[in-house]
There are 2 protein chains.
Amino acid sequence: MTSPKSVDDRLKDAVGPKGFSQDPAEIAPHLEEWRGKYKGHTRLLLKPATTAEVSAALRICQETGTRLVTQGGNTGLVGGQIPLGGEVLLSTHRLNRIRHLDESGMTLAVEAGVTLAAVQQRAADHGLLFPLSLASEGSATLGGNIATNAGGTHVLRYGMTRALVLGLEVVLASGVVLEMMRALPKDNSGYDLKQLFIGSEGTLGVITAATLRLFPRPDAVVTALAAVPSPAAALKLLGALQAHTGGMLSAFELMPRLAMELITRHVEGTRDPLSAPSPWYVLIEASGGRDSNLAASLESGLADVVAGGLVSDAVVASSAAQAAGLWKLRENISEAQKREGASIKHDISVPVAAIPDFLAKATPAVLALLPGARPVSFGHLGDGNLHFNFNSPAAGDDPSFLAQWDEVQQVVHDMVKEFGGSISAEHGIGAMKVASLPRYKSHEELDAMRAIKHAFDPKNILNPGKTVPPVLRL
Amino acid sequence: MTSPKSVDDRLKDAVGPKGFSQDPAEIAPHLEEWRGKYKGHTRLLLKPATTAEVSAALRICQETGTRLVTQGGNTGLVGGQIPLGGEVLLSTHRLNRIRHLDESGMTLAVEAGVTLAAVQQRAADHGLLFPLSLASEGSATLGGNIATNAGGTHVLRYGMTRALVLGLEVVLASGVVLEMMRALPKDNSGYDLKQLFIGSEGTLGVITAATLRLFPRPDAVVTALAAVPSPAAALKLLGALQAHTGGMLSAFELMPRLAMELITRHVEGTRDPLSAPSPWYVLIEASGGRDSNLAASLESGLADVVAGGLVSDAVVASSAAQAAGLWKLRENISEAQKREGASIKHDISVPVAAIPDFLAKATPAVLALLPGARPVSFGHLGDGNLHFNFNSPAAGDDPSFLAQWDEVQQVVHDMVKEFGGSISAEHGIGAMKVASLPRYKSHEELDAMRAIKHAFDPKNILNPGKTVPPVLRL
């Protein structure tokens with residue numbers, strides 16, 4: 001008589017000899033989040049190569065109550081992908097096939113472990129666009145992008161990841177495979193189940209594949225930088241240019257003067273393209289077809305607002321190199337903040353029109369707690385999404401400044417709630433914000449989240465402790 | 001001692017003296033669906049004027065197991081809004097306030113009973129666009145549009161209703177109010193609960209209000225009609241024009257020659273604007289900003305494809321009146337079919353690129369069952385959504401033709417499934433298709449739908465028997 005197999009041995013059998021690792025050197029990079037904020041541990045890394053293997057593994061987990069965390073490219077910013085409680089870790093990196101590209105239907109079926117950059121490239125190879133674009137796109141996987149409903153710089157035109165997903169394949173906690181890969185822009189045949197899994201951060205199922213929407217690639221892309229006296233002026237500029245171009249803006253990014261100073265100080269090859277300093281700037285991008293007259297339209301729109309006094313100065317890129325130079329300013333704000341020293345950051349959103357009032361009220365509230373701190377609030381103004389950040393009073397590392405993070409965050413998040421905003425605009429809840437979520441979300445909403453979690457994962461084996469706050473026992 | 005109040009008396013108390021009716025004359029128009037296909041009955045019509053009244057009524061329903069059907073403008077096409085089992089009927093028509101329009105944030109908060117036409121008008125009053133557009137927009141309510149995830153003619157550019165909803169207020173079966181009216185384009189703070197209720201046809205909660213996305217109103221709208229030899233040519237034309245205009249198309253509607261003949265025969269003030277007959281036509285609309293050069297762009301795009309032989313002829317409207325004349329052709333297809341006589345209809349979708357093959361295979365399959373029937377398949381080619389319709393062989397009423405509806409429908413729906421399509425592209429499941437849904441949806445998907453239904457409506461009091469097929473007992 002042989003003794004019954006251990007759970008781990010059964011899981012290894014389920015994924016085959018290439019489908020797991022217990023080698024600490026191989027596992028190590030999966031345990032730490034890239035900024036070093038979260039560090040987990042696991043006894044077993046699963047690397048399934050097929051949906052059937054994921055299903056077999058989850059059946060065993062469900063039967064045995066074995067907890068499991070799913071990880072894509074490990075680029076998440078809230079710790080959702082880290083096995084903080086020693087869970088089994090499932091990496092999707094061998095689920096890496098591009099299953100099907102439909103050029104005339106403009107759809108792409110890919111497995112969860114394919115990187116965002118690979119998806120963008122495959123679309124471009126066919127003269128099409130996959131518009132999701134993130135700093136981490138070389139490593140981030142589509143599965144992770146979908147599980148976190150990733151945002152990025154083109155949400156204004158194309159929406160969040162949710163808007164880019166036509167179909168999903170998901171393995172439930174029970175091991176049941178929900179095959180919903182239909183490449184249909186229109187399908188009202190019952191509940192739209194895929195919506196549940198998008199943005200649920202691995203707590204309701206393991207996403208194994210998706211059918212994505214592709215778009216015609218815009219032949220004309222025009223980039224500009226405008227100097228504005230205030231966030232309120234930037235907001236008016238947004239309305240004026242959207243009306244003028246008929247909604248052709250694909251990016252509208254606010255940044256303050258200090259961001260410009262830090263970038264040009266710390267990042268090689270950057271320069272302020274305008275002749276005089278301005279309190280605020282907006283990076284503007286518009287995209288359209290080859291005959292769309294877009295450069296002239298954006299220029300005439302900007303000329304109108306300069307003449308009207310809304311904008312003090314503006315420059316429209318006249319070459320791809322100039323456009324890249326303008327984008328380099330926007331893309332290096334985080335890097336410049338880091339080189340300057342310690343900073344406290346928030347990923348928040350408020351209604352678009354409330355951005356000026358929020359900045360006017362929240363900035364002094366933070367400065368009351370952090371005297372001398374230097375505000376570097378920037379972000380996707382067109383989406384109501386700010387990276388509401390503060391550098392320490394002096395350049396360099398400052399542990400005592402960073403020690404105030406939690407206190408500052410609560411003040412900021414309380415004010416976000418007052419404005420009807422969100423404490424997580426694009427990064428998610430994960431481990432980072434799960435404890436504070438009950439302060440900002442109604443108990444009715446939390447109960448509804450728990451009801452869904454319980455319906456799909458009654459044993460709480462999928463990413464336990466993340467995203468869904470437990471019921472508080474008093 | 002007084003006897004305890006009846007359920008109906010408690011419900012009447014909950015909504016106040018103006019909030020109910022038991023007058024048969026007042027109730028009658030709510031009981032019959034506008035085409036006369038579904039007729040229900042009820043003992044009590046509730047007309048709550050506030051979310052609190054809806055909540056109070058639902059608490060009583062939940063406590064007493066009283067079943068309830070919600071109705072907006074009673075324009076649904078699948079019987080979802082009709083109390084077929086004698087349920088209490090809740091009409092949203094007194095939930096009719098426009099709560100707030102944010103012009104610079106381009107959002108609009110409205111209650112569920114506001115009509116789509118009123119929403120469009122309010123947006124237009126502020127120089128903005130609410131792009132949802134339906135034949136029934138004068139009566140259809142936003143609550144109903146959201147509950148059924150309505151489609152319409154501008155889905156290609158702006159998406160289904162789901163894409164237009166930022167926030168929702170929903171009363172659950174328990175009477176609990178989920179207030180999720182945040183006007184946030186970006187919010188990743190936990191599960192996106194509102195998605196569950198959009199398209200759930202009143203089976204998971206009563207939608208009482210919504211925050212809608214508005215858009216810049218396009219100053220330039222160009223309309224054209226192109227003659228193409230085949231659906232395959234139409235599909236190629238779609239790709240060519242999307243690439244040429246950089247994705248500016250806002251409608252792309254296929255129609256066959258017979259549709260043109262029936263319209264010009266039956267509908268006054270219509271004419272075929274092209275000199276020679278063509279087997280197929282496409283109505284094309286593109287929308288953009290005032291400087292967008294759109295007419296020239298569409299004309300040059302069409303000239304290219306005419307020169308290349310893809311399109312045999314095309315006309316671009318040179319005035320608003322001409323554009324309206326072209327749209328009149330498309331909008332009167334259903335009316336012309338009706339005036340011609342009996343027809344059997346389907347609201348289906350397949351992947352966009354599969355439309356030509358589907359038509360080539362499904363049309364003869366139907367004609368084998370209906371010898372001599374006349375195909376009038378038209379619809380939203382750009383969305384993969386066809387109204388796959390057949391008029392009877394001869395003009396006039398033909399009950400024996402219509403008697404074959406169910407048999408024909410099953411053949412069509414079976415083929416839709418083969419093509420990875422949907423048996424309901426935009427009308428929903430309601431009462432009409434609930435019995436056949438298990439043939440076309442996997443049991444895993446149906447089980448997931450039931451799990452959600454059970455989590456939110458454990459007593460099955462909300463629109464019972466609609467949308468969610470019961471478990472079959474063998």
Side-chain angles (χ1 to χ4, degrees), chain A residues 102 104-105 149 151 155 163 176 178 182-193 195 199-200 215-216 218-219 235 239 242-248 288-289 291-293 296-297 300 349 351-353 383-385 420 422-426 428-429 437 441 444-445 448-449 451-452 455 467, chain B residues 102 104-105 149 151 155 163 176 178 182-193 195 199-200 215-216 218-219 235 239 242-248 288-289 291-293 296-297 300 349 351-353 383-385 420 422-426 428-429 437 441 444-445 448-449 451-452 455 467:
Chain A
D102 177 344
S104 63
N149 188 28
V155 172
V176 163
L178 280 184
R182 300 178 188 91
L184 302 175
K186 288 170 100 168
D187 179 12
N188 275 345
S189 61
Y191 302 164
D192 192 354
L193 297 169
Q195 303 295 344
S200 68
F215 293 80
D219 288 309
L235 187 65
Q242 285 286 44
H244 195 89
T245 63
M248 300 296 281
D291 308 318
S292 60
N293 200 28
S297 177
S300 83
S349 67
V352 176
D383 312 319
N385 178 196
S422 168
I423 64 164
S424 183
E426 54 181 11
I429 297 298
L437 194 58
K441 208 124 191 162
E444 291 88 355
E445 287 174 283
M449 285 176 61
I452 294 166
T467 310
Chain B
D102 178 345
S104 64
N149 188 30
V155 171
V176 163
L178 280 185
R182 301 178 188 89
L184 302 175
K186 287 170 99 167
D187 179 12
N188 275 343
S189 62
Y191 302 163
D192 192 354
L193 296 169
Q195 302 295 344
S200 67
F215 293 81
D219 288 308
L235 187 67
Q242 284 286 44
H244 195 89
T245 63
M248 301 295 279
D291 309 319
S292 60
N293 202 29
S297 177
S300 82
S349 67
V352 177
D383 312 319
N385 178 194
S422 168
I423 64 165
S424 183
E426 54 181 10
I429 296 298
L437 194 58
K441 208 125 189 161
E444 292 88 354
E445 287 174 282
M449 286 176 62
I452 294 166
T467 309

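So that the names make sense, note that chain A is the first sequence line, chain B the second, and so on, each numbered from 1.
For the set Ala353(B), Ala425(B), Pro185(B), the entry with the most heavy-atom pairs within less than 4.5 Å of chain A is Ala425(B). Interface check for chain A: of the options Ala455(B), Gly105(B), Ser349(B), the most heavy-atom pairs under 4.5 Å are formed by Ser349(B). When each of Glu444(B), His244(B), Gln242(B), Met248(B) is scored by its heavy-atom pairs under 4.5 Å with chain A, the top score falls to His244(B). Counting heavy-atom pairs under 4.5 Å between each of Asp102(A), Thr245(A), Val352(A), Asp383(A) and chain B puts Asp383(A) at the top. Per-residue counts of heavy-atom pairs under 4.5 Å with chain B were compared for Gly384(A), Gly420(A), Ala451(A), Gly151(A); the largest is that of Gly420(A). Most heavy-atom pairs under 4.5 Å with chain A: of the set Gly199(B), Gly246(B), Ala163(B), this distinction falls to Gly246(B). Counting heavy-atom pairs under 4.5 Å between each of Thr467(B), Asn149(B), Val176(B) and chain A puts Asn149(B) at the top. With respect to chain A, the highest number of heavy-atom pairs below 4.5 Å among Pro218(B), Gly190(B), Ala296(B) belongs to Gly190(B).
Contact of Ile429(A) with chain B is made through backbone and side chain together, with heavy-atom distances under 4.5 Å. Both the backbone and the side chain of Met449(A) come within contact range of chain B, judged by heavy atoms closer than 4.5 Å. Residue Leu184(B) touches chain A through its side chain alone, counting heavy-atom pairs closer than 4.5 Å. With a 4.5 Å cut-off on non-hydrogen atoms, Phe215(A) does not touch chain B at all. Contacts between Asp219(A) and chain B at a heavy-atom distance below 4.5 Å involve the side chain alone, from C-beta outward.
Leu235(B) and Ser104(A) make their closest contact through CD2-OG, 3.8 Å (heavy atoms, listed as atom of the first residue, atom of the second, distance). Between Lys186(B) and Asn385(A) the shortest heavy-atom distance is NZ-OD1, 2.9 Å. Scanning both residues, Ser422(B) and Asp187(A), for their nearest heavy atoms gives OG-OD1, 2.6 Å.
Taking 4.5 Å as the limit, every side-chain heavy atom of Asp192(B) sits out of range of all side-chain heavy atoms of Gln195(A).
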